[in-house]
Amino acid sequence: MKLYNSLTRNKEKFSPAEKTVTMYTCGPTVYHYAHVGNLRTYIMEDILEKYLIYLGYDLKRAMNITDVGHLTSDGDSGDDKMLLGAKREKKTVLEIAEFYTQAFFGDFEKLNIKKPDIVIPATSRINDYIDIISSLIQKGYAYESGGNVYFDTSKLSKYFVFSRHLAENLEVGVREDVGRDQNKKSPNDFVLWFTKSKFDSQELKWPSPWGTGYPGWHIECSAISIKELGPKLNIHCGGVDNAFPHHTNEIAQSEAFLGGHWCDFWFHVRHLKDETGKMSKSKGGALTLSTLVEKGYSPMVYRFFCLMSHYRKVLSFTFPALDNAKAAYEKLLSRILPLIEDKTDSAIDKEAFKFHKAAFVSALGNDLNTSLAVTSIYDVLKSGATGATKLCLIADFDKVLSLDLIKNAVSYGESQKLIESGAEISANGAEDELKILIEKRTAAKKAKDFAAADKIRDKIREMGYAVEDTADGVRLKKL
RNA sequence: GGCACCAUAGCCAAGUGGUAAGGCAGAGGUCUGCAAAACCUUCAUUCCCCAGUCCGAGUCUGGGUGGUGCCUCCA
């Protein structure tokens with residue numbers, strides 16, 4: 001497959017030497033619910049992972065859970081986000097972490113995102129961080145200053161890997177509202193270990209050769225990745241905003257520690273934005289999956305919405321756009337349903353199967369072109385292939401897309417269950433009343449009293465159902 | 001101020017030098033007491049603008065314009 005690599009700014013052929021592909025994902029800082037923008041990134045990473053598995057690779061994927069060390073600023077200032085969350089909710093840091101980690105993976109389940117095989121809370125690997133930091137100091141890549149340990153970026157021949165910044169220009173380019181940490185030799189340097197007394201109120205502290213304290217944000221990903229996935233990493237994923245400083249710093253540490261090239265591909269997912277710009281957890285009030293569900297959008301509708309766009313494009317989130325995706329998704333299900341209900345035996349047309357599968361594989365093979373991959377479902381539906389072939393192809397594509405196409409087509413069919421004469425209405429408190437109304441309406445129609453029939457239809461609509469006449473009887477559709 | 005990315009219909013979007021896919025929405029039709037559903041038809045002489053290269057440009061080059069992101073909180 002071809003995959004865009006942020007490191008080279010090019011689409012490159014992804015052809016790992018080994019059959020086992022290693023993939024690392026920056027997990028969430030669990031101080032609050034994930035919002036739909038965060039989730040977009042994980043959905044797209046899920047497609048990457050499942051596509052690689054679909055192609056026959058074995059995948060080994062690890063993710064961290066940041067439950068310590070993520071400050072609101074990266075210098076010797078700022079507060080720990082976890083601590084802030086704990087204060088806000090009057091709970092301990094560990095309780096907060098536990099709660100939001102659960103919520104995070106709950107969203108994964110709802111969105112059919114595969115949970116990585118290896119999930120490591122940052123607090124569980126403190127000794128590894130200390131080992132790496134000690135080694136970095138020994139090799140001359142890190143120094144102690146003002147009680148903290150910093151990474152010395154001046155020791156690197158190239159620090160800014162994702163942009164064309166020149167280190168000496170940075171002073172010019174630096175944002176004005178950012179405070180300077182006077183302990184740093186260079187503004188580019190970043191903290192590996194904090195021991196400053198300002199964190200005395202911190203619940204989580206660990207002893208280290210440099211004093212009691214806790215790790216900086218960037219070290220956890222390097223340490224977990226190297227330990228779990230080895231010194232060579234195939235793909236590192238994350239949101240674009242992490243390219244700098246987080247990923248840049250990860251590369252600096254990891255390569256200084258390993259003494260050579262570390263990760264081949266950097267997969268960065270662009271942001272979801274709303275009317276106000278980028279969605280951001282720290283801005284607060286961001287939209288969560290549960291909110292969408294409360295508003296009547298199933299998680300699959302959101303997943304479909306994301307797949308219709310491309311991961312390297314900024315996607316604008318608006319409710320009309322989501323309605324669009326909902327209509328498209330439901331219409332798609334309604335076109336799949338007859339294929340499932342069709343009980344006539346038909347053989348699988350192997351040629352047609354191969355042809356459509358090839359189109360699907362090549363769509364995703366071109367830098368994960370998910371909207372083209374979705375189009376290939378429509379091409380299958382429109383084709384002259386047998387029902388069995390179509391169904392088989394859709395099930396096959398859904399191994400990667402994970403839109404629950406078959407399962408939801410069935411429940412979609414049930415949700416607008418046919419109510420033939422005498423058939424029961426499925427469990428619902430109002431069923432008797434509904435049944436009587438439908439019978440009355442049918443009688444009115446028979447008597448050609450259409451005004452009365454329409455009145456009853458309006459009444460049923462008020463109860464939350466649309467009545468539709470079909471050749472066989474009446475169809476009730478939940479609104 | 002520096003760096004990067006993006007610009008195709010109302011919206012999402014394909015397109016990788018050969019004459020604008022697909023989806024949703026919209027319009028018209030068939031069917032229906034009317035609706036709904038389903039099906040059929042339709043929907044960009046043009047791809048932000050201006051120059052250039054080429055037989056040929058949405059695609060390549062240069063210059064604009066607009067949007068977005070990053071420049072120590074973010075997926």
Side-chain angles (χ1 to χ4, degrees), chain A residues 6 9 11 25-29 34-45 70-75 77-79 81 84 160 162-166 169-176 178-181 184 187-191 217-218 237-246 248-249 268-273 277-283 286 304-305 307-310 312-316 318 320-321 323-332 334-335 338 363 366 369-372 374-379 382 416 445 448-451 453-454 457 466-471 475 477:
Chain A
S6 316
R9 290 183 207 89
K11 272 193 218 175
T25 303
C26 287
T29 304
H35 58 67
V36 290
N38 297 318
L39 265 9
R40 179 194 188 194
T41 300
Y42 296 107
I43 288 171
M44 298 321 294
E45 291 168 355
H70 198 164
L71 303 193
T72 54
S73 147
D74 206 14
S77 61
D79 300 296
K81 293 190 159 200
L84 244 37
F160 291 102
F162 293 114
S163 58
R164 294 189 172 107
H165 279 305
L166 293 165
N169 281 352
L170 191 78
E171 295 278 16
V172 187
V174 94
R175 217 164 67 182
E176 278 165 20
V178 171
R180 277 277 226 110
D181 178 350
K184 291 181 179 182
N188 297 337
D189 296 351
F190 54 92
V191 181
W217 173 40
H218 314 293
C237 318
V240 255
D241 53 322
N242 276 338
F244 186 84
H246 185 54
T248 303
N249 291 348
H268 287 131
V269 181
R270 280 231 148 56
H271 285 269
L272 187 70
K273 63 165 199 160
K278 184 177 102 170
M279 273 193 196
S280 177
K281 203 152 45 166
S282 51
K283 267 201 299 206
F304 190 68
F305 171 79
L307 296 193
M308 294 210 303
S309 183
H310 190 254
R312 277 196 298 120
K313 268 190 163 172
V314 174
L315 218 206
S316 292
T318 60
D323 287 334
N324 189 131
K326 186 181 177 186
Y329 181 69
E330 283 172 0
K331 204 163 174 178
L332 185 58
S334 77
R335 288 177 68 178
N366 186 5
N369 193 331
T370 46
S371 71
L372 240 200
V374 169
T375 298
S376 64
I377 302 173
Y378 290 98
D379 291 337
K382 277 190 294 192
Q416 44 172 318
K445 272 183 68 182
K448 298 217 186 286
D449 186 357
F450 298 120
D454 289 350
R457 181 164 61 192
V467 183
E468 295 168 8
D469 297 317
T470 70
R475 188 198 307 252
K477 205 171 164 184

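In what follows, chains are A, B, ... by sequence order, proteins preceding strands, each numbered from 1.
A/Arg312 has its CZ atom 15 Å from the C1' atom of B/U68, to the nearest Å. A straight line from OH of A/Tyr378 to C1' of B/A13 spans 12 Å, rounded to a whole angstrom. In this entry the distance linking CG of A/Asn249 with P of B/C73 reads 12 Å, nearest Å. Rounded to a whole Å, the CZ atom of A/Phe244 is 17 Å from the C1' atom of B/A75. If you measure from atom CD1 of A/Ile377 to atom P of B/A14, you get 15 Å, rounded to the nearest angstrom. Between A/Arg9 atom CZ and B/C6 atom P the separation is 11 Å, expressed in whole Å.
Contact annotation: the side chain of A/Lys11 approaches that of A/Asn366 to within less than 4.5 Å [non-hydrogen atoms, C-beta and beyond]. Counting heavy atoms from C-beta outward, A/Leu307 and A/Ser309 have side chains that stay 4.5 Å or more apart. Looking at A/Phe190 and A/Thr248, their side chains never come closer than 4.5 Å, going by heavy atoms from C-beta outward. A/Val240 places a side-chain heavy atom less than 4.5 Å from the side chain of A/His271.
In this model, the phosphate group of B/A38 is approached by a side-chain N or O of A/Ser334 to a distance below 4.0 Å at OP1 or OP2. The side chain of A/Ser309 places an N or O atom within less than 4.0 Å of a non-bridging phosphate oxygen (OP1 or OP2) of B/A13. A close approach under 4.0 Å does not occur between any side-chain nitrogen or oxygen of A/Asn366 and OP1 or OP2 of B/A14. Proximity of A/Asn324 to the phosphate of B/C24: no side-chain N or O atom is located under 4.0 Å from OP1 or OP2.
Comparing B/A57 with B/C48, their P atoms are spaced 15 Å from each other, to the whole Å. Annotation: B/A4 and B/C47 have their C1' atoms spaced 24 Å apart (nearest Å). The same atom, C1', is picked in B/C24 and in B/C43; the two are 13 Å apart, to the nearest Å. Straight-line distance between the C1' atoms of B/U61 and B/A14: roughly 25 Å, to the nearest whole Å. Spacing between B/U19 and B/G26 at atom C1', rounded to whole Å, works out to 28 Å. Spacing between B/U16 and B/C11 at atom C1', rounded to whole Å, works out to 25 Å. Annotation: B/A51 and B/G58 have their P atoms spaced 14 Å apart (nearest Å). For the P atoms, the distance from B/G17 to B/A75 is 38 Å, rounded to whole Å.
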Filtered N/O pairs between nucleotides 27-29 of chain B and protein, under 3.5 Å:
none

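Closest contact between the side chain of A/Thr375 and the listed nucleotides B/A21, B/C5, B/U16 involves B/A21. Nearest nucleotide to the side chain of A/Lys331, out of B/G15, B/A25, B/A35: B/A25. The side chain of A/Ser371 sits closest to B/A13 out of B/A75, B/A13, B/C71. With distances taken from any side-chain atom of A/Ala328 to the nucleotides B/A75, B/A4, B/C24, the minimum falls on B/C24. With distances taken from any side-chain atom of A/Leu372 to the nucleotides B/A21, B/C5, B/U68, the minimum falls on B/A21. Proximity note for A/Phe450 (side chain, C-beta onward) versus B/G23, B/G33, B/C5: the nearest is B/G33.
Comparing A/Glu45 and A/Lys313 along RNA chain B, the residue whose closest nucleotide (by nearest heavy atom) sits nearer the 5' end is A/Lys313. Comparing A/Ala327 and A/Val467 along RNA chain B, the residue whose closest nucleotide (by nearest heavy atom) sits nearer the 5' end is A/Ala327.
Heavy atoms only, all atoms of each residue included: A/Arg335 and A/Lys382 are closest at NH2-CG, 3.7 Å. Listed here is the closest heavy atom pair of A/Phe304 and A/Ala328: CE2-CB, 3.7 Å. The minimum heavy-atom distance between A/Leu39 and A/Ala34, with the atom names listed, is CD1-CB, 3.9 Å.
At a cut-off of 3.5 angstrom, the base of B/A35 holds at least one donor-acceptor pair with the side chain of A/Arg457. With hydrogens and angles left out, the side chain of A/Asp241 and the base of B/C73 share no donor-acceptor pair within 3.5 Å. Judged by distance alone with a 3.5 Å cut-off, a donor-acceptor contact links the side chain of A/Asp454 to the base of B/G33.
A/Arg270 pairs with exactly one of A/Val314, A/Asp241, A/Leu315 by the side-chain contact (heavy atoms from CB on, under 4.5 Å) rule, that one being A/Val314.
Pair assignment for B/A7 gives B/U65, based on Watson-Crick or G-U wobble hydrogen-bonding distances that are each under 3.5 Å. Nucleotide B/A27 is matched to B/U41 when pairs are restricted to Watson-Crick or G-U wobble geometry with both distances under 3.5 angstrom.
In terms of the side chain to side chain contact (heavy atoms under 4.5 Å, CB included) criterion, residue partners of A/Thr41 (sequence neighbours excluded) are, by chain and number, A/Glu45, A/Val269.
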